[in-house]
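To find a chain, count down the sequence lines: A is the first, B the second, and so on, and within it residues start at 1.
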Amino acid sequence: MPVYNMIQALNDALRTAMRKNDRIVILGEDIGKLGGVFRVTKDLMAEFGTDRVIDTPLAEGGIIGAAIGMALYGLRPIAEIQFSDFIYPAFDQIVNELAKYRYRSGGQYECPLIIRTPSGGGIKGGLYHSQSPEAYFIHTPGLKVVMPSNPYDAKGMLLSSLDQNDPVVFFEPKRIYRSAKGEVPETEYRVEIGKAQVVKQGKDVTLISYGAMMTEALEAAEKALEEGIQVELIDLRSLVPLDIETMIHSIQKTGRVVIVNEAPRTCGFAAELMALINEKAFLYLEAPPARVTGFDTPFPYSLEHDYLPSVGRILKEIYKTTHF
Amino acid sequence: MPVYNMIQALNDALRTAMRKNDRIVILGEDIGKLGGVFRVTKDLMAEFGTDRVIDTPLAEGGIIGAAIGMALYGLRPIAEIQFSDFIYPAFDQIVNELAKYRYRSGGQYECPLIIRTPSGGGIKGGLYHSQSPEAYFIHTPGLKVVMPSNPYDAKGMLLSSLDQNDPVVFFEPKRIYRSAKGEVPETEYRVEIGKAQVVKQGKDVTLISYGAMMTEALEAAEKALEEGIQVELIDLRSLVPLDIETMIHSIQKTGRVVIVNEAPRTCGFAAELMALINEKAFLYLEAPPARVTGFDTPFPYSLEHDYLPSVGRILKEIYKTTHF
Amino acid sequence: MSAILKSEIESNGSSVQVLKEDGSLLNKKAEPDFSKEDLKKLYYLMVLTRMTDERFLRMQRQGRIGFYLTSTGEEAAHIGSAFAMEEKDWLFLQYREPGAALLRGFSLFRFACQILGNVGDLTKGRQMPCHYAYKEGHILSISSPIGTQIPQAVGFAWAAKIRNDNLASLVYFGDGATSSGDFHVGMNFAGVFKVPVVFFCKNNQLAISLPFEKQTAVSSVALKAQAYGIDGIRVDGNDLLAVIQVTKQAVQKARSGGGPTLIEALTYRIGAHSTSDDPRIYGDESKLEEWKKKDCILRFQKYLESKGIWSLGFEKEVQERAGVEVSKAIEEAEKLSAPSLDTLFEDVYSDLPQQLREQKNELLS
Amino acid sequence: MSAILKSEIESNGSSVQVLKEDGSLLNKKAEPDFSKEDLKKLYYLMVLTRMTDERFLRMQRQGRIGFYLTSTGEEAAHIGSAFAMEEKDWLFLQYREPGAALLRGFSLFRFACQILGNVGDLTKGRQMPCHYAYKEGHILSISSPIGTQIPQAVGFAWAAKIRNDNLASLVYFGDGATSSGDFHVGMNFAGVFKVPVVFFCKNNQLAISLPFEKQTAVSSVALKAQAYGIDGIRVDGNDLLAVIQVTKQAVQKARSGGGPTLIEALTYRIGAHSTSDDPRIYGDESKLEEWKKKDCILRFQKYLESKGIWSLGFEKEVQERAGVEVSKAIEEAEKLSAPSLDTLFEDVYSDLPQQLREQKNELLS
Ligand SMILES: Cc1ncc(C[n+]2csc(CCOP(=O)(O)OP(=O)(O)O)c2C)c(N)n1
Ligand SMILES: Cc1ncc(C[n+]2csc(CCOP(=O)(O)OP(=O)(O)O)c2C)c(N)n1
Ligand SMILES: [Mg+2]
Ligand SMILES: [Mg+2]
């Protein structure tokens, strides 16, 4: 089995799917000859031609608007937004149109469109190449929202996304695009959308994260073990739909939970998870659910590693929670 | 003191402020001769002329983009977005530009811009004249977000918003535009941004809401009293910054809390309030914080009153919480 | 297609006409050779559309429906253009083109059900009146946000081109919509990728209260095509025959790989923007009177009269037939009740995810 | 201003030139009467800008800075236009106009601090390199999202007009930016309200990897002005004198109430898009070679030579002075350390609200 990084796994997923289904077209800025600024679409234009690998003008609203039309027609478009920080010119098309098309047409139409977009900080990108805007989309009914944290899931979830008859916003944690490596089957396998993964079992405290933050979370879990704290680590992977069972099941066991994500705190996804835990496992809680998140500021440049949840900050919350 | 509805109070606030400060300009679609589709800007063009009351072409991105430029210049623009459902074409300008201008310029520039926009359902507006998108803006550092629930606050908070040197998204709960009436001083008074109001004191359970939902919340509180439950009802009014003290103080007393807002549930503001309550008052909680919200669907037309939190649904949560 | 019109599908500001305002032919050679059946059908549809508007407007005033949008005065623009498309083509509507939907077989009964938002509504009572969707007739879903359908129509037609399916899409929008970012990106994409789409701007010279001359500083929407390397043409929107001809040429050009065309149909909004609007506050009375005189149905009627098709008897018959059709549809529709509670949760996704199942139980319990 | 140019500020596709490619005058009458001082200053600035680019590029390769964007080959376009504005005017930059900032007094030291993101950075180390803000020099804050500055510049100039302040704004953007919705809404608003703004498009014929002919189907950005009732003009972007003249005319027109102008400066991106880019994958080698020959500094140098200003000795002096200036600035800047942790929480709001106070304590404790 080849060992791929995230970029290679995603490239492989695209190629695999496009070979099998000629209704798949991909479109975005610089995805053609250049192969995308991160090379996720490398060599695809050479193989599939300019009708199926489309370099668009600089207009995210045009990319998503046109992709919606393609999906309505019966194609399976995969749109790339170069950085998730630049998704907002398409926000109206995504939240008012894409997310609501099935509903408002009474189910007559459907819009199976995948929006791939790199997100997250830690690459010295400053305010506009580092954002984690997933909460905006999680708050929008009609969208599915996923974020894999490793090459295996990246390929398997991208292929699963193509099975969905609903729009999927597919966030790619760009900080670990190259650093996350792993074995990736050459076959056309699936990783189910809507299922979390228990990465590490433990009985003392549940640690929940997703995306690039899984790296810090895992390290924190390992460090905590050195102090005798057994952390159960969950990679959500799929944010909408959410695997509530796996999460609640773990908390029923541990009674303690720390949530880690890098977006700004207020009204972020960690808040929603805390709310759900309150609703579904209140009586099991032996400490308040805690969150380690980005701060409520724009994303900085020089101090980005102070902004991002660190192993240290996660550990601190793990200790606080276990000693509550 | 005159008795005004919300529209009259807002109109009065605008006139009062514009008479005093000639740097205030207002701009938006149909706000001139027509006076806005809800008449909030009625007669202002006649009084202040077309340089200060500006009917714009149909482009929300243009309205906010231009208003940012005006604010940077030193004017005090107040932009109207005709319905908050139509704010998304300006989303990029709001979240990437307006919210971050001060930060990214290292404090060299500031952007004191007020965005007034009617929001919320219950007026038979269907998917696109009913939305409550406040969570998107609450999740965006750099913005202040408010929503008054009565004419007195509407005028007082609009005048206070003009004192802020930060951008303010000013949501107007349009369902109660005409139905909410009250005495409104003719003077230039202020209602402080960042202060909640305890509308009704009670010792059994804290009920938190804002905007049009205050109507249902108050009715539920009164009904609960008939059953012997003393509800403490809080009108948040200001969502960012949030009056955490008032909220926590109340919960420390009651140990129980129900939150009501009409936006879709997942990742909505109620989740954030629940998270904050966990963080700040966990040991006081005698029952899990509960939320009554809109459902995770687009906003419907025929069934809108089933979608919106009703007195019945609120009461049910109050009972559940008090009998936990 | 006559050469007279053909040469006009170029970027210029002048306006194409076939019928003079008195209904006589401007140029004999430009007359299309439609069958009497077609001419009668078109006339009926225009009358039916206007009558439908009147009836729903009245119902709104009676409180029987919540909201309505008329297309009075603009029937030729949208019916003519829809007529010029083939059945296999797809139409993206703004909201003020009921005649186009009726032409595509959207029954008045379904229309009434949509307006009432009842169980007979194909869209399950989810949208405001006049925001329907009718896949069977190749009518996409109408939404309120202005301009959003424009890039969607581009993507749709583009997909057909990619699949080598020989069909086109036509997208309607108003003069107000030309100011939206979506207009710009849609036009630009269509130009770059030579997409088989027809952009059809119904310039009724008003966007709620804003007159066209304040919407943009250019004198004609058609001129905007030049920014995208696209052909633009302005047609007299109250001239049914000219609208049909110009649209036919545009769609033929699209199908044969010639790329998109922007058609501007110049007309005027005779009624209010919607039942929520009060044009007395901002309206231009003299312009309104001027345009009322140019009524598109009257002009076509005079043409039909000159062809020996229209007569007082014919008119009476048309009016009666239309009247019965509308009445019956409304009567049938009003018998139906609101959609059931569980429909609230359907169609958000292709399935019903757990959280919606729970929320549904919450509401129904 | 010479009549030769004046007549050119009209919507047409042709390109204005003052200097031929060999540096000789196309038309004697079009020659501006700049002082020797000004000509020398302009030359120095162009050389300094290019040298700054080279030095920072090298530093990036050495790992001393994280990212950089050069403007090589495009110096005339942005320096000439900035020079044409008065000091009281305001400039909205995209990101590839360092010479404009230097002209406005943004010191190389401050520039280097911004690139290093250290305590000397006026913007407190918050943005990527080349995204500065310099209020003292009337330079607005640069952001990454393409096109956003366009409607902002319109609003800014419009505010000046409302206040009867006699000043204008100029906004820079690339050919790629013309596809954004913000370009459209900004242009349209400016046309409707006759705003004293100059739209300055540096058409370097590339947007990262996308060549201009795939960005839009129209042959010239200047033609897009027609969609908005605005004057459009294409100028040879490698001709410093032509850029200055055309911009001066546009800003004078703006000030005198004549409304906005769209200037397209045709040039070419000689370097990579940024240090993250690799143009070997997509570049057009022959076009690059062709444009390298049209270098703007060389052309201006030849003109100066013909005026007896430029000589080998002069060149050496300029190079040395610029070299020292750059080296000193970098040296000084590299002495400084990163901003302190508490700056993370400053400037989100005018004050520090409670939740940020708490988060700050969380981080610092
Ligand atoms: C993005 C957006 N902004 C504002 C509105 C409110 N609105 C509804 S219709 C309309 C005017 C549309 O004018 P035009 O496109 O000319 O169509 P017409 O109504 O004249 O047929 C406006 C401003 C909207 N629906 N969408
Ligand atoms: C809204 C948005 N989308 C995408 C990007 C990524 N991006 C950065 S620069 C660029 C190309 C810009 O081209 P142009 O406007 O011609 O300027 P140039 O770089 O050629 O000077 C792109 C696509 C962005 N910054 N903003
Ligand atoms: Mg109109
Ligand atoms: Mg460029």
Which atoms of [X] come close to chain C, meaning under 4.5 Å heavy atom to heavy atom: side chain ones, backbone ones, both, or neither?
X	value
B:Phe83	neither
B:Phe86	side chain
B:Asp85	neither
B:Ser130	neither
B:Glu317	neither

Top contributor to chain B interface from [options] [non-hydrogen pairs under 4.5 Å]:
options	value
C:Gly66, C:Gly181, C:Pro353, C:Pro129	C:Pro129
C:Ser276, C:Gly125, C:Gly147, C:Pro339	C:Gly125
C:Gly176, C:Ser143, C:Pro145, C:Ser180	C:Pro145

Mark yes or no for whether C:Gln215, through its side chain, and B:Leu58, through its backbone, hold a donor-acceptor pair below 3.5 Å.
-> yes
Can any side-chain N or O of B:Ser302 pair as donor or acceptor with the backbone N or O of C:Gly117 at less than 3.5 Å?
-> yes
Please identify, among [options], the residue contributing the most non-hydrogen atom pairs under 4.5 Å to chain C.
options	result
B:Phe295, B:Phe299, B:Tyr88	B:Phe295
B:Arg265, B:Glu60, B:Lys33	B:Arg265
B:Ser310, B:Gly35, B:Gly125	B:Gly125

In this structure, which one of B:Thr293, B:Asp296, B:Thr266 forms a side chain to side chain donor-acceptor pair (under 3.5 Å) with C:Gln359?
-> B:Asp296
Which atoms form the tightest heavy-atom contact between C:Lys214 and B:Pro57, and what is the distance?
-> O-CG, 3.9 Å
Please report the closest heavy-atom contact between B:Thr297 and C:Leu344, naming both atoms and the distance.
-> CG2-O, 3.6 Å
Examine whether an atom of [X] lies under 4.5 Å from a heavy atom of chain B, and if so say whether it belongs to the side chain, the backbone or both; otherwise answer neither.
X	answer
C:Gln127	both
C:Glu362	both
C:Leu356	side chain
C:Leu341	both
C:Ser365	both

Separation between [atom1] of [X] and [atom2] of [Y], rounded to the nearest 0.5 Å:
X	Y	atom1	atom2	result
C:Phe67	B:His129	CZ	NE2	6.5 Å
C:Ile281	B:Leu34	CD1	CG	5.0 Å
C:Leu210	B:Ile31	CG	CD1	11.0 Å
C:Ile208	B:Glu29	CD1	CD	7.5 Å

Take atom NZ in B:Lys316; do more than 12 heavy atoms of anything else shown fall under 6.0 Å from it?
-> yes
Inspect the surroundings of NZ in B:Lys320 and state if more than 12 heavy atoms from other residues, nucleotides or ligands are less than 6.0 Å away.
-> no
Cationic N near anionic O, under 4.0 Å, C:Arg126 to B:Glu304 | no
Are any of the side-chain heavy atoms of C:His131 and B:Tyr301 separated by less than 4.5 Å?
-> no
